[in-house]
Every structure is written in structure tokens, then in C-alpha cells.
Amino acid sequence: LLTHHYHRIMSAETKTTTATTCVGVGFSVGCTAAVVAVCQPDSHPIVVANPSGDRVTPCCVGLVGEELVAGIAAKRGIVRNRKNTALNVIDFLGLKAEDEEKVNSLQSGTKFARVGEGDNGLQYNFLESSVSCVDVAAQILQLQKITGEAQVHGDVKKVAMSCPVDASDAWMEDMRKAASIAGLDIIHFVHEPIAACLAYNLEAESVKHPSTILVADIGGTKSSVSLVRAVGGMLQLKAFKTSRILSGKKYDEVITKILVPEFKRVSKMDISDEVNPMLKLSLASEQAKKSLSHSQSALISVDGLFEGMDLHCSVQKAKFEGLASPLKNELTSLVDNILQENNLTRDAVDKVVLQGGCAAMTLVKSFFKYAFENKSLSHINGEEVSAVGVSRVAQQLLSHDKASEEAEKALDSISCTTVVAPALSVDIGLKLASGFKPLIFHGACVPTRVHVLMNPPSGKTFVVANICERGENGTIRGIARLCLADLQDGSCVDCVIVASKDGSVQTSLTEKGNPENSISCSSKGKE
């Protein structure tokens, strides 16, 4: 059972000067589409349009002459320049030459540049040159960087990024290399199902109402269904299943199978074995699929499809959905299998989050609407939902880093033995008269933050907080001791404890209703 933790980073009362400088930028880069979202402090994330004016950028890189181009510029030349076009680079990151069987399987039947072994790992072999997969990914990230910088009106260096649910450490290492080439620093990876939940702020709801969430990601080249448990402000990825039988490309093929006989009917020519005409139909089918998500029919118009003949016709939604019923059955099987393997029923699912480019399809939305009795969330574009979620993470992490830097500059360090790399190995909490009360438990992912309200003793106008750590052997050691005095009658104190990824623990006490009355300290732990 795979388990991934994401602890909610709860908002803190920070100085305005700190908040305004911490703009979070989140990247979502899939096999077929990439999205950038920007999150300002105390604001909803915004999905940013690329230089072409589109909110979604094709993950396509082409070699034109001696220059690499990415995005829509590469996709426009995909038919005439297919042997110099790299697609689906995300699938090949993290793979090595010894993974030859998987590499060949991923590019079975491809009409574009193929991936093979190179001097610096896997590479795309173009007609007259080759480019490493990492460099191809860097081209996409550079375009994403330009898109983000146009929104924030400044340099973008630190970003958070979503990653596939089955991403390996090697995959993340390759993506970090690509980011470095593009002039970026990835401060955090978030698995796509977790990012989708964060986009809908489901971790906040789980503080009072724990829930089981099913995340369905119907992407361009594969689909996955994940189970996420949300409880106490924490999102936990419990299990997932992935299928390459069910994908956006498969839905495109359904429409293409409608168009090939139609062209044969009007032209008396069969183009099913002609590579370039079939690629043109594939691109037209992709656009038709999107049109059928919000209309009953889609117009197809392909000029010069084959030997000077054009194709002009329409595809009806009813016919498309009828022919796509095997894909609906595959989706049903994928969902039911993961529920059965985890001893759950459909009734046990509290919310369904739809993700991926095909999430907007009526066929997909209607299945989840009726199968889970209106529990599905899909008002955020499926292609954009991951970027929205990770932009929130980026904003929160940068805010915490900024607050930590300011605290360390203003306060003396206090010796501490807390180790945070990459998760806490001790419990952190308060020492009370009744004993030690843990607030952040060992194993918690960092950075993480907790709030607790403290009341002054009867008849007193001060509060004392003894911050301690408890090791595996049960030994309790003090980290810091803070006293906030001059409290007003009936006031309570907000105690905030933050465990940072550099091993430090920041603590602050603030009187509710009187933010001027506060005290804080930073305790630096061992690296």
C-alpha cells in the first residue's frame, strides 16, 4: 500500500511586507499539456495564459533548422515535421537504457521522433541530430517560466510542480535537472491527485469533516484513479490504479474511425494507411472531442487532406458516445477495481475530483454524476486543476521560508536536537501540568504548522508555553520557553508552532484581538 502524506500548511498572521513578496508559481506538466498558475497571498490562484494567449500549452517540442521550439509553435508543424518532433517526454524521464522494454512499449507505433540510448541518458533521435529527454523537458519548462514571469512582472526562479502519481525518485531527479537548465528551482513536488484536492481546498474541510476522496485523472496518454484520505488537515494518498487503455488519445481514435469512412465515401479513397493524412485527422479529432464536451455536434474541416481533396463534415455527440462505450466500460472497471481492492463501496466515497483534459467530456462527467450521486467536483478545468493546487503549495512554502528568514535575523538561536530530514523523527508539543501534549507527530512531512489556543491561568494576565520534543525512547527535552504577559481580561493566546525543512522550529504567541502583543523565537535544530 503506497502512502504519501501532505500536511496542510495553515495560513498565519504575518506582516504585510512578508505576504506581498511571496507569490507562488505552480507548474503542471503532463504528457500532452502544461499549465502555469500563480497564487498571490490571501488570494485565489490564477491560471496564466501563455504568449499565444492559451491557458494550456501543448507539451510538444520540435527541431526547426537548428533551433528547438516548444508549445503551439511546435504543434503547428507536427505533420510536416513529425520526424523532428518530440512528444510525451514526461513518460521517458527517470528511465535508463536498461529499461529498453518499457521505452519501446511507450513509443510503440509512434510516427514521431523515437527515443533511444544516448551519451547522457535517453535521447530523442531526430533526422539529423539528437537531443536528450532532459533537454526536451527543459524547453517546455522555459516556456512555462516565460509565461509565469509575464504574470508576476519579475523573475520566476522557485516553483512547485505536480508529478505523476507513479513518479519515481529518478523521474524527479531528471525533472530537477531540466528545471535547472531552464533557470528554475523546484522547491516541492506534489502528486497530481493531492494537487487536485488542494485546488478545491479539501484539506481545510477535513479538519472538521474527514472524508474519502476519489480522484479520476483522464489524461491524454493514460488515466489513473486514486484514493485520497483527508483527515485533520492532512491529505493521504492511499492507493492508485493506472490504465493506458483509457486515455484522451483513445477518445480521439473513436472520432477518427468515424472520419476515415466518411472521407472514403465522398472521395472513394482509403487513407487509413497514409501517415500524414491520418495525423491531420487525429488533430481534427482532438478539436472535435473538445467541441463535443459542450455541444451536440462538432464540425470537421480539413483542407487538403489527401491528393487535393478536402473533408468537411460533422460528428454527432450521440454517435460518438455510442462508439466510445467500451472506454466507458474501462473507466467503470478501473473505478470499481480500486474500490474493491480497498474494501470500499461507492457509497463510502465522500467526494470525487475530476482531473485531466477529458474531465470535461459529457461521457465522463455523467458517469461520475450518476455513479456517485452528485459528489463530483469539476468546476475547475481538469487540465488546470493540478497547477492551481501546486501554486497554493508554492505560495505557502515561500511565505514560510520568508517568515523563517526574518525570524532568524531578529532572534538569537536556541540549541535544539530536532532532526527534520525529510520528516520529523520526534514528536513536538507543549509541556503541560498534566504532562506532554504532542501537537506535531513524528513522521510528519515538513514544513508543517499547527495552531493551538491557550488560556491564561485563573486570575493571571500571562501565558507560558514550554515547547518540547519527545524522542522515540520517550525522553522529553525542552526546545524553547516563551511567556506572553500584559493580557487583557478574558483574552486568549494563539500559539503557532512551525517545523521547517531546515530542522528549525519557530514558535510564536499572539494575543487574540491584540496582534501588537506578541512574542516569537526560532530554535535551530541539527542539520
Side-chain angles (χ1 to χ4, degrees), residues 3-14 187-188 203 206-207 231-236 393 396-457 462-485 492-511 518-527:
T3 302
H4 171 84
H5 292 278
Y6 179 84
H7 286 260
R8 182 186 180 212
I9 308 170
M10 304 178 71
S11 59
E13 297 175 359
T14 58
I187 58 176
H188 197 60
E203 84 286 0
S206 71
V207 174
V231 57
M234 181 181 74
L235 298 173
Q236 183 181 23
V393 174
Q396 293 166 344
L397 288 175
L398 292 175
S399 295
H400 292 166
D401 289 346
K402 184 69 175 179
S404 298
E405 289 174 7
E406 293 183 354
E408 289 179 3
K409 290 178 182 178
L411 300 169
D412 293 331
S413 296
I414 300 175
S415 178
C416 171
T417 58
T418 302
V419 178
V420 190
L424 288 177
S425 61
V426 296
D427 297 325
I428 296 176
L430 293 171
K431 184 178 181 181
L432 307 175
S434 57
F436 177 73
K437 178 178 178 59
L439 298 175
I440 305 177
F441 295 89
H442 76 280
C445 297
V446 289
T448 188
R449 170 185 303 238
V450 294
H451 289 242
V452 62
L453 290 178
M454 302 181 67
N455 294 310
F462 64 87
V463 161
V464 176
N466 289 304
I467 314 301
C468 299
E469 63 177 33
R470 182 174 62 186
E472 294 182 358
N473 59 2
T475 303
I476 297 174
R477 302 179 61 179
I479 297 177
R481 178 182 173 90
L482 295 84
C483 178
L484 187 64
C492 60
V493 173
D494 184 17
C495 175
V496 181
I497 303 174
V498 179
S500 299
K501 54 187 176 182
D502 64 353
S504 64
V505 178
Q506 292 85 40
T507 308
S508 66
L509 301 179
T510 305
E511 183 179 2
S518 66
I519 187 173
S520 62
C521 76
S522 176
S523 308
K524 185 68 176 179
K526 293 181 179 179
E527 296 182 351

Any idea which heavy atoms bring L484 and E511 closest together, and the distance? CD2-N, 3.7 Å
Looking only at non-hydrogen atoms, find the nearest pair between C468 and G478 and report the distance. SG-CA, 4.0 Å
To the nearest 0.5 Å, how far apart are CG in L235 and CD in E203? 5.5 Å
Could you grab the distance from atom CG of L482 to atom OG of S520, nearest 0.5 Å is fine? 7.5 Å
Roughly how far, to the nearest 0.5 Å, is the CD1 atom of I467 from the NZ atom of K431? 12.5 Å
Using a 4.5 Å cut-off on heavy atoms from C-beta on, say whether the side chain of P447 contacts that of L397. yes
Which atom pair, heavy atoms only, marks the closest approach of S206 to G233? OG-N, 3.0 Å
Roughly how far, to the nearest 0.5 Å, is OG1 of T510 from CD1 of I519? 10.0 Å
Exercise: identify the closest heavy-atom pair between I428 and F436: C-CZ, 4.0 Å
Would you say Q506 and S508 are linked by a side-chain donor-acceptor pair, where the criterion is simply a distance under 3.5 Å? no
Nearest heavy-atom neighbours spanning C492 and L453: SG-CD2, 4.3 Å
To the closest 0.5 Å, what do you measure between CZ (R470) and OG1 (T475)? 10.5 Å
Taking every heavy atom of V463 against every heavy atom of L509, the minimum-distance pair comes out as O-CD1, 4.3 Å
Set of side chain to side chain donor-acceptor pair (under 3.5 Å) partners for S434, sequence neighbours left out: none
So V450 and V452, do their side chains get closer than 4.5 Å, heavy atoms only? no
Do L439 and L430 come close enough that some side-chain heavy atom pair is under 4.5 Å? yes
